[in-house]
Amino acid sequence: DAVIEICDARLPESSRNPVLNAMLHGKARVLMMNKADLANPAMTRRWQAYYQARGVQCAAITAGRSAREVFRAIENLTRDKVARGEARGVRRTVRVMVVGVPNVGKSTFTNKLHGGNIAKTGDRPGVTRGKQWLRLDSGIELLDMPGILWPKFEDRGAALKLAFTGAIKDEIMDIEELACYLIDFLKKNYAENLITRYKLDSLACLENYEI
């Protein structure tokens, strides 16, 4: 009946599978920018405005704490279908698919809505290996799907950002090189945060990590 697409609020565009647009065309759909507590709040607001201006329903959430907002979004997405069923005297079970790339928090999200740890979670990609239906007390059935990346990355920057956040398996990456790229990115974009987080006097100690 509806689709909830989960992306990472720290890199919303890079963590959206472009193949989904064609596959889900015509479906009621909402974009949940997850892990908003880890993202830059000002940038998150700009991304929300960007998507909403393009007709994309979206919300910034933290999977462990935003269940009420999610239920409200599902209700809005499926209101017409539920109303048509009730008009015929049928109370329909609302079926919602949860999709997204690996490690954006889909299973944590579904566990929160379910109220228990029924879907396996982990801090690495590929923990969810098969689809799983979860029935909620509200009469909603959620389909938790494995995270899937698209076949070929045209944008190297997007691939790096996905690797930074654990969406790509470590085994296929050069971790030292990836760490250097991440340090370089943080130096250019979040220097003060880097200094504060690691209690540095300055960024001079990181000069050898230039890419």
Side-chain angles (χ1 to χ4, degrees), residues 4-18 20 30-54 56-67 69-70 73 98-109 112 121-127 147-150 152-211:
I4 295 177
E5 180 187 356
I6 309 287
C7 71
D8 191 317
R10 296 168 293 179
L11 53 151
E13 194 69 7
S14 296
S15 61
R16 297 188 69 193
N17 188 334
L20 289 177
V30 64
L31 175 66
M32 294 292 180
M33 299 166 58
N34 192 26
K35 305 185 182 182
D37 56 325
L38 303 178
N40 181 325
M43 291 302 297
T44 298
R45 289 191 293 271
R46 289 177 63 182
W47 276 113
Q48 285 184 276
Y50 170 86
Y51 285 126
Q52 289 166 355
R54 286 156 179 77
V56 179
Q57 291 191 57
C58 70
I61 64 167
T62 299
R65 299 199 296 268
S66 306
E69 185 171 7
V70 174
V98 181
V99 298
V101 303
N103 212 33
V104 289
K106 297 182 297 300
S107 293
T108 300
F109 171 86
K112 178 61 180 178
T121 63
D123 60 354
R124 64 189 187 281
V127 173
I148 299 176
L149 293 171
W150 50 106
K152 183 179 180 181
F153 289 104
E154 302 291 346
D155 184 344
R156 184 170 182 270
L160 282 173
K161 290 172 186 175
L162 287 167
F164 292 159
T165 54
I168 298 176
K169 291 182 178 181
D170 291 346
E171 291 82 355
I172 64 173
M173 305 294 298
D174 183 322
I175 299 302
E176 288 189 12
E177 182 180 358
L178 182 64
C180 290
Y181 275 112
L182 178 56
I183 290 171
D184 192 47
F185 176 85
L186 294 174
K187 283 168 61 180
K188 292 175 180 176
N189 296 277
Y190 295 99
E192 290 302 318
N193 301 71
L194 196 59
I195 290 170
T196 301
R197 172 63 179 82
Y198 292 102
K199 300 179 174 62
L200 305 174
D201 294 328
S202 71
L203 294 180
C205 62
L206 299 177
E207 288 179 358
N208 294 330
Y209 291 95
E210 196 73 37
I211 299 299

### Summary
Taking every heavy atom of Lys35 against every heavy atom of Gly105, the minimum-distance pair comes out as CE-N, 4.4 Å
### Task
Please name all residues satisfying side chain to side chain contact (heavy atoms under 4.5 Å, CB included) with Leu186, sequence neighbours left out, ordered by chain then number.
Leu182, Tyr190, Leu194
### Query
Roughly how far, to the nearest 0.5 Å, is the CZ atom of Arg16 from the CE atom of Met33?
9.5 Å
## Note on the structure
By side chain to side chain contact (heavy atoms under 4.5 Å, CB included), Ala42 pairs with (sequence neighbours left out) Asn40, Arg45
### Task
To the nearest 0.5 angstrom, please state how far the CD atom of Glu192 sits from the CZ atom of Arg197.
15.5 Å
### Task
Give, for atom CD of Gln57 and atom CD1 of Ile4, the distance between the pair rounded to the nearest 0.5 Å.
11.0 Å
### Those residues that, when tested against Leu149, pass side chain to side chain contact (heavy atoms under 4.5 Å, CB included) (two or more places apart)
Val101, Pro102, Phe153, Leu162, Ile168
### Query
What residues form a side chain to side chain contact (heavy atoms under 4.5 Å, CB included) with Leu178, not counting sequence neighbours?
Leu160, Ala163, Phe164, Met173
### Task
Return the set of residues passing side chain to side chain donor-acceptor pair (under 3.5 Å) with Arg54 (not counting sequence neighbours), or none when no residue passes.
none
## Note on the structure
Closest heavy-atom pair, Ala36 versus Ala9, reported as atoms and distance to 0.1 Å, is CA-CB, 3.8 Å
### Message
Closer than 3.5 angstrom, by distance alone: can the side chain of Asp37 be matched with the main-chain N or O of Thr62 as a donor-acceptor pair?
### Response
no
### Inter-residue atom distance Asn34.CG - Glu5.CD, 0.5 Å rounding
12.0 Å
### Message
How about CG on Asn189, more than 12 heavy atoms from neighbouring residues, nucleotides or ligands closer than 6.0 Å, or not?
### Response
yes
### Query
Which residues satisfy the ring-ring contact (aromatic ring centres under 6.0 Å, His included) test with Tyr51, sequence neighbours excluded?
Trp47
### Query
Shortest non-hydrogen contact from Ser14 to Trp150?
O-CH2, 3.4 Å
### Task
Determine, step by step, whether Lys161 and Asp8 satisfy the side chain to side chain contact (heavy atoms under 4.5 Å, CB included) criterion, reporting the C-alpha distance in whole Å, the side-chain angles of both residues, the deciding distance to 0.1 Å, and the verdict.
CA-CA 10 Å; Lys161 290 172 186 175; Asp8 191 317; over 6 Å; no
## Note on the structure
When every non-hydrogen atom of Ile6 is compared with those of Val98, the smallest separation belongs to CG1-CG1, 3.8 Å
### Message
Ignoring hydrogens, what is the shortest heavy-atom contact between Ala60 and Thr44? Give both atom names and the distance.
### Response
CB-CG2, 3.6 Å
## Note on the structure
When every non-hydrogen atom of Val99 is compared with those of Lys106, the smallest separation belongs to C-CD, 3.4 Å
